[in-house]
Amino acid sequence: MTRHLLKLVWNRKRTNALIVAEIFISLLVIFAVLAGAVNFATNWRRPLGYDYHDVWNIRADLEHEENPEKNPHMHESMMHVLHEAQSFPEVVAAAGSNTPAYGFSTDSNGTDMNGHYVDLIVDDVTDDFTRTMQLHVLRGRFFTREDDAAQYRPAVVDENTARSLFGTLDVVGRKITWKDTPEDTLRIVGVVSGYRKAGETSDPVNMVFRRVAPDHKFGGLIRNIIVRVRPGTSAAFEETLLNRLQAAAPDMSFRLQHMDRMRRDALRLYLAPVVLLSVIALFLISMVTLGLTGVLWQNVTRRTREIGLRRATGATGSRVHRQILGEVLLLASIACAIGVVVILQLPILGAFRVVTPASFTTGLIGALAAIYALTLLCGLYPSWLASRLQPADALRYE
Amino acid sequence: MIKLNNVEKVYRTDRVETLALQNINLDIAPGEFVSMMGPSGCGKSTLLNLIGLLDAPTAGELELDRQKVRGWRDGDLARFRNEKLGFVFQSFHLVPDLKVVDNVEIPLLYRKGSTAARRKAAREALDRVGLSSRVTHFPTQLSGGQQQRVAIARAIVGKPRILLADEPTGNLDSAMGEEIMDILHDLNKKDGTTIVMVTHDERFARRTDRIVRLFDGRQVA
Ligand SMILES: Nc1ncnc2c1ncn2[C@@H]1O[C@H](COP(=O)(O)OP(=O)(O)OP(=O)(O)O)[C@@H](O)[C@H]1O
Ligand SMILES: [Mg+2]
């Protein structure tokens with residue numbers, strides 16, 4: 001019977017190619033949506049590595065900025081401002097950070113490790129950063145005044161970086177060198193748990209914190225003051241704080257944002273296209289479902305006489321039912337086979353930069369299951385109709 | 001072989017009730033070749049469908065191969081059709097997407113047997129109707145007479161005891177009709193197949209053992 005079905009499907013290749021194409025496209029769409037959704041869900045549940053509640057981010061800009069990087073005055077002013085911020089009783093902790101969490105700028109870098117390139121995200125921070133953002137130190141320690149005498153620039157990495165660079169080895173005391181600027185060699189003093197700078201929607205990244213010393217020994221730039229305030233601190237304190245900072249650095253301008261607000265904005269920016277795409281995908285899939293049901297239904301109608309003939313020669317109603325479903329599933333399998341081959345090429349095109357391999361696999365398996373469920377659903381009604389046909393009526397059908 | 005006792009068939013649609021057959025009594029012996037005649041709409045196809053278990057009578061009794069057909073389920077009906085009955089239709093009813101040999105094999109798909117055995121039986125049946133050279137053609141590549149011969153091969157491939165033919169020559173010119181009739185007579189003589197054939201052609205009817213005449217749903221001879 002399987003051979004018979006194969007022959008039937010093959011000899012009807014023109015009609016069937018259309019159905020296969022529809023199923024194939026649905027598979028791709030469902031795969032994309034599922035892989036994205038699974039990736040989103042896993043990321044959402046993953047720990048962030050820090051706490052954004054009661055954190056304010058104050059962005060500082062020089063009024064007549066030329067090249068802040070080269071401007072020693074900027075560093076001095078920032079350290080001064082930081083000191084001022086720390087003096088308030090409402091402030092639990094404050095630190096400097098160049099590219100803070102939920103901010104739109106990111107310092108991407110990379111290094112060669114044993115012949116393969118590792119992507120790294122870098123932030124320049126001051127000693128109190130771990131208290132301000134409430135990082136979890138896993139091994140070693142975060143930056144302290146102890147580092148003032150360091151020979152190499154001190155660095156703290158997160159667990160992902162530690163694993164990517166050194167595997168399971170203990171990384172405290174090891175060095176990271178940059179390909180282009182070997183003189184900027186870092187020496188790791190501690191490991192914190194995975195820190196996802198871009199927030200809940202981000203895949204795990206490799207994070208490296210570099211110390212910005214009070215005396216600016218190894219350089220580094222901080223453009224933001226991160227302030228952790230006591231829970232319940234009133235909005236009125238914002239103004240008090242900003243006024244004091246402004247007085248401390250008159251040639252700078254400050255902009256204060258609550259980090260949970262920054263988080264909300266970042267989420268919105270991320271979700272808008274995702275929601276739009278999902279709606280389009282949903283629409284597409286419902287169109288395909290309807291279309292497929294229509295095509296399969298028409299297929300049954302067109303073959304009414306064939307069905308009558310099969311009944312006359314000894315097929316039971318349920319046999320006809322199974323045959324029609326079998327044909328549909330066969331077409332689904334062909335589409336899925338093509339789809340899997342195509343989808344397995346996607347990692348070459350960089351799919352793993354969009355979703356993790358685990359989400360990719362789950363998405364693929366889920367999409368295959370969904371396609372079979374969908375085609376089964378689409379085929380159920382037409383094949384039920386087919387099985388209900390009375391043989392005599394079916395044979396007379398014009 | 002075929003016994004009908006007071007058989008009646010009423011078609012009920014939303015508004016109309018058609019009494020297609022009434023009070024039909026028939027007794028056809030094994031190996032008999034019976035032709036059925038009558039004007040269009042008198043119920044010939046209806047009667048043939050009842051005998052072929054493609055439709056159920058509204059009243060009366062039907063006995064086939066010494067078995068009373070009563071309370072049979074879909075599975076029982078299908079098995080009986082598969083093992084004991086063969087059908088030939090005026091419009092051939094070949095599956096256009098299947099090659100000749102695959103068309104002939106269809107009844108064998110619904111019973112046990114190997115692929116090789118099916119293939120062999122199909123070739124033998126095609127041989128029987130003189131079409132061994134057209135095995136891998138598609139139905140549309142054949143003439144009407146050839147298509148009907150394929151349909152006969154399909155009807156006999158499962159070696160049925162009863163062959164039911166509804167105007168098998170209706171779509172064919174008289175030369176091709178003769179060929180088909182020769183094949184049917186050959187099956188009747190050599191295999192002892194019981195045949196019931198609906199026809200509008202007196203010449204073909206006269207060559208059979210008996211003529212049953214219907215008029216307006218009633219048996220008149
Ligand atoms: N499915 C059906 N529903 C309602 N009425 C039907 C149905 N099938 C047949 N009839 C009616 O039953 C009667 C007998 O029809 P049948 O097809 O048996 O005639 P026939 O003798 O085979 O005619 P022909 O020589 O034209 O093939 C006709 O009046 C027809 O309209
Ligand atoms: Mg008729």
Side-chain angles (χ1 to χ4, degrees), chain A residues 1-20 295-296 298-324 326-328 330-331 383-398, chain B residues 9 11 20 45-56 73-99 101-115 118-119 138-139 151 154-158 160 164 166:
Chain A
M1 198 69 199
T2 320
R3 276 167 71 128
H4 187 75
L5 281 192
L6 280 170
K7 279 182 202 162
L8 263 180
V9 164
W10 175 248
N11 291 339
R12 292 198 180 109
K13 38 188 174 302
R14 221 177 293 165
T15 344
N16 288 336
L18 195 80
I19 302 178
V20 167
V295 172
L296 296 176
Q298 194 194 3
N299 200 13
V300 166
T301 317
R302 207 167 42 81
R303 291 166 62 190
T304 301
R305 282 150 48 98
E306 175 192 334
I307 290 164
L309 183 272
R310 287 181 187 277
R311 297 295 304 273
T313 52
T316 55
S318 65
R319 185 90 193 220
V320 167
H321 191 102
R322 272 180 287 145
Q323 184 195 329
I324 302 287
E327 286 184 32
V328 175
L330 191 59
L331 293 179
S383 60
W384 178 78
L385 277 185
S387 72
R388 290 261 319 211
L389 284 169
Q390 286 306 308
D393 294 339
L395 283 164
R396 226 188 350 252
Y397 187 85
E398 291 302 329
Chain B
K9 176 74 188 177
Y11 285 113
S45 298
T46 304
L47 183 52
L48 212 61
N49 285 344
L50 294 184
I51 298 172
L53 306 182
L54 298 175
D55 214 341
R73 307 213 203 161
D74 190 33
D76 306 319
L77 296 168
R79 187 165 343 100
F80 193 92
R81 286 196 292 260
N82 180 256
E83 289 170 358
K84 304 274 170 72
L85 300 175
F87 294 91
V88 180
F89 306 94
Q90 180 176 359
S91 52
F92 321 138
H93 282 315
L94 299 176
V95 181
D97 303 310
L98 288 174
K99 287 178 184 162
V101 66
D102 295 317
N103 261 290
V104 174
E105 273 185 29
I106 288 177
L108 302 181
L109 294 171
Y110 304 114
R111 54 169 86 164
K112 288 195 181 73
S114 68
T115 312
R118 277 204 295 274
R119 185 87 344 177
F138 282 95
R154 182 184 59 200
I156 63 172
V157 73
L164 303 172
D166 195 347

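Naming convention: chains lettered A, B, ... in sequence-line order (proteins, then strands); numbering from 1 in each chain. Just so it is clear, the model here is predicted, and its values are computed rather than measured.
For chain A, the nearby part of B/Arg118 is the side chain; its heavy atoms alone come within less than 4.5 Å. With a threshold of 4.5 angstrom between heavy atoms, B/Tyr11 approaches chain A through side-chain atoms but not through N, CA, C or O. Residue B/Ser45: no heavy atom, backbone or side chain, is found under 4.5 Å from chain A. Proximity to chain A (any heavy atom under 4.5 Å) is shown, for B/Arg111, by neither the backbone nor the side chain. Of the two parts of B/Phe80, neither the backbone nor the side chain holds a non-hydrogen atom closer than 4.5 Å to a non-hydrogen atom of chain A.
When all heavy atoms of B/Arg81 and B/Leu53 are compared, the pair lying nearest together is NH1-O, 2.6 Å. The shortest non-hydrogen separation linking A/Arg311 to A/Pro391 is CB-CB, 3.8 Å. Smallest separation of non-hydrogen atoms from B/Arg154 and B/Pro107: O-CG, 3.4 Å. In plain terms, the two heavy atoms of B/Asp55 and A/Ala392 that are nearest each other are OD2-CB, 3.9 Å. Looking at every heavy atom in both residues, A/Leu395 comes nearest to B/Leu54 through CD1-CD1, 3.7 Å.
A/His321 NE2 to A/Leu385 CG: the interatomic distance, rounded to the nearest 0.5 Å, is 10.0 Å.
Using a 4.0 Å cut-off between charged nitrogen and carboxylate oxygen, A/Asp393 and A/Arg305 do not count as a salt-bridge pair.
In this structure, the side-chain hydrogen bond (donor to acceptor under 3.5 Å, both in side chains) partners of A/Glu327, at least two apart in sequence or on a different chain, are A/Arg303, A/Gln323.
Contact check for B/Pro139 versus B/Asn103: side-chain heavy atoms found under the 4.5 Å cut-off. The shortest side-chain heavy-atom distance between A/His4 and B/Glu105 does not fall under the 4.5 Å cut-off.
Most heavy-atom pairs under 4.5 Å with chain A, from the set B/Asp97, B/Thr46, B/Asn82: that is B/Asp97. The candidate with the highest count of non-hydrogen atom pairs below 4.5 Å against chain A, out of B/Leu108, B/Asn49, B/Ile106, is B/Ile106. Ranked by heavy-atom pairs under 4.5 Å with chain A, the first of B/Leu77, B/Leu85, B/Val95 is B/Val95. Residue with the most contacts toward chain B among A/Arg396, A/Gln390, A/Arg319: A/Arg319 (heavy-atom pairs, distance under 4.5 Å). Between chain B and the residues A/Gly317, A/Ala315, A/Ala394, A/Ser318, the largest count of heavy-atom pairs under 4.5 Å involves A/Ala315.
In this structure, B/Phe87 and B/Phe89 have parallel ring planes: the angle between them is below the 30° cut-off, well short of the 60° mark.
Of all residues in residues 9-19 of chain A, those placing a non-hydrogen atom less than 4.5 angstrom from a non-hydrogen atom of chain B are A/Asn11, A/Arg12.
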